[in-house]
Amino acid sequence: MLLNELAPGVTYMTAAIVNLHTIDLDTSRWVLVDTGVRGTGPAILKAVEQRYGSGAKPECILLTHGHFDHAGSVESLARLWDVPVYAHVLELPFLTGQSSYPPMDPTVGGLMAQMSRLFPRGPYDLSDHIRELPSGLNLSVLAGWRLAHTPGHTPGHVSLFRESDRVLLAGDAFCTVDQSSTLALVQQPAEFHLPPQYATTDWVAAESSVRELARLRPRVVAAGHGKPITENTAERLEQFAASFRPPKKGRYVAQPARFDERGTIYVPPAPPDRAPAIAAGVVVAAATAYGIRKWRKAA
Ligand SMILES: [Zn+2]
Ligand SMILES: [Zn+2]
């Protein structure tokens with residue numbers, strides 16, 4: 001796997017099913033944004049050492065949120081590098097061993113929703129390295145970047161925006177691939193799509209977060225899932241925000257999960273889930289095999 005240039009001093013790398021980023025602070029200092037799924041730590045290390053030199057380590061790690069595909073390697077990397085890990089206060093319960101995320105929603109539809117039956121939902125325990133993002137979300141080390149609280153997918157999700165050249169790192173506030181379409185997952189056309197549906201637990205908040213990000217009128221956008229979008233970006237994101245439609249059905253569509261500083265405090269009841277377990281298992285196995293092959297190929 002390689003770090004690909006997204007914008008001056010900003011890279012992205014696809015680790016298995018998810019993207020992560022580096023941001024250069026100057027010629028030698030940098031920040032890692034998100035950490036991929038568990039087990040991709042060695043590939044991340046190799047890629048960052050290619051760019052920053054042997055033994056290089058970031059000033060800190062910033063997590064857009066604590067889901068397993070963004071925080072999966074954070075425990076191993078934070079301990080190896082002994083660097084702080086920043087996250088929004090509302091994500092901390094999921095990163096300090098206090099609370100699990102609400103259950104994934106396989107009833108929302110699509111391949112990834114079926115796969116989500118097997119996705120872990122935490123928590124991680126990073127108590128020795130975790131730091132709460134400062135109030136106002138001004139992280140002094142990231143000069144020139146604005147952090148935006150973009151809840152909905154998770155309660156403490158944050159996105160990063162660099163005003164000077166309008167670069168947006170959106171995490172899972174939305175996707176640039178349609179995760180509900182098997183075809184799109186293989187072909188990966190870069191278009192704006194809903195955040196990962198099986199793991200989004202407040203659709204009203206998710207919509208207002210997308211609208212807030214659209215108001216930034218970004219020129220370059222990279223999300224946690226899918227390829228970057230660099231052409232007619234602001235117009236396309238504005239259209240997506242204006243036509244935002246939550247899924248037709250799903251556990252969290254009519255009613256959100258609720259959270260506070262202790263983590264998850266309410267989840268709506270599970271809707272009927274009639275998908276045969278065996279069929280779901282076959283889908284999971286096939287998709288996992290595909291993911292592993294792809295990861296090995298890219299590594
Ligand atoms: Zn997520
Ligand atoms: Zn994700």
Side-chain angles (χ1 to χ4, degrees), residues 12-21 32-40 44 61-74 85 87-88 90-95 99-106 108 110-124 148-160 168-181 184-185 188 190 192-203 205-207 209-210 213 221-228 246-247 250-252 256-257 259 263-264 267 287-288 291 294-295:
Y12 76 97
M13 167 177 151
T14 306
I17 57 166
V18 67
N19 301 316
L20 50 95
H21 306 278
L32 179 66
V33 179
D34 289 343
T35 64
V37 296
R38 188 180 290 275
T40 51
I44 295 169
I61 298 171
L62 173 62
L63 294 176
T64 58
H65 62 304
H67 275 157
F68 77 101
D69 51 332
H70 299 254
S73 296
V74 74
V85 177
H88 189 277
L90 291 174
E91 292 297 297
L92 295 193
F94 313 110
L95 295 163
S99 177
S100 294
Y101 285 107
M104 303 278 172
D105 181 9
V108 78
L111 172 72
M112 291 298 280
Q114 289 299 340
M115 286 174 64
S116 75
R117 294 170 191 278
L118 292 191
F119 291 166
R121 54 192 177 99
Y124 297 102
H149 181 208
T150 44
H153 179 63
T154 65
H157 186 284
V158 293
S159 305
L160 294 82
L168 173 64
L169 307 182
D172 282 356
F174 52 72
C175 293
T176 55
V177 63
D178 181 2
Q179 284 203 317
S180 66
S181 158
L185 281 171
Q188 298 269 321
F192 291 106
H193 289 281
L194 293 175
Q197 298 181 30
Y198 48 88
T200 298
T201 53
D202 185 337
W203 285 99
E207 177 173 354
S209 290
V210 166
L213 293 176
V221 166
H225 305 277
K227 288 183 176 160
R251 183 170 191 166
Y252 304 102
F259 308 89
T264 306
V267 291
T288 307
K294 199 172 158 194
W295 175 74

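Atoms within each ligand, like the ligands themselves, are counted from 1 in listed order.
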query = Below 4.5 Å, heavy atoms only, C-beta onward: do P123 and P93 meet side chain to side chain?
reply = no

task = Tell me whether H225 has at least one N, O or S atom under 2.8 Å from the Zn ion (ligand 2).
result = yes

request  = Please note down the angle at the Zn ion (ligand 1) between ND1 of H67 and OD2 of D172, to the nearest 10°.
outcome  = 170°

task = Say whether, by atom type as modelled, one donor and one acceptor occur between the side chain of T64 and the main chain of V158 under 3.5 angstrom.
result = no

ask   = What is the ring orientation for F119 with Y198, classed by angle as parallel under 30°, tilted 30 to 60°, or perpendicular over 60°?
value = perpendicular

Where V267 and T264 come nearest, the two heavy atoms and their spacing = CG1-CG2, 3.7 Å

key: the Zn ion (ligand 1) reached by H65 (N, O or S, under 2.8 Å)   = yes

query = Does any N, O or S atom in H153 come within less than 2.8 Å of the Zn ion (ligand 1)?
reply = yes

task = Can you spot which of N19, D178, T176, D172 makes a side-chain hydrogen bond (donor to acceptor under 3.5 Å, both in side chains) with H225?
result = D172

key: Closest D69 atom to the Zn ion (ligand 2) [N, O or S only]   = OD2

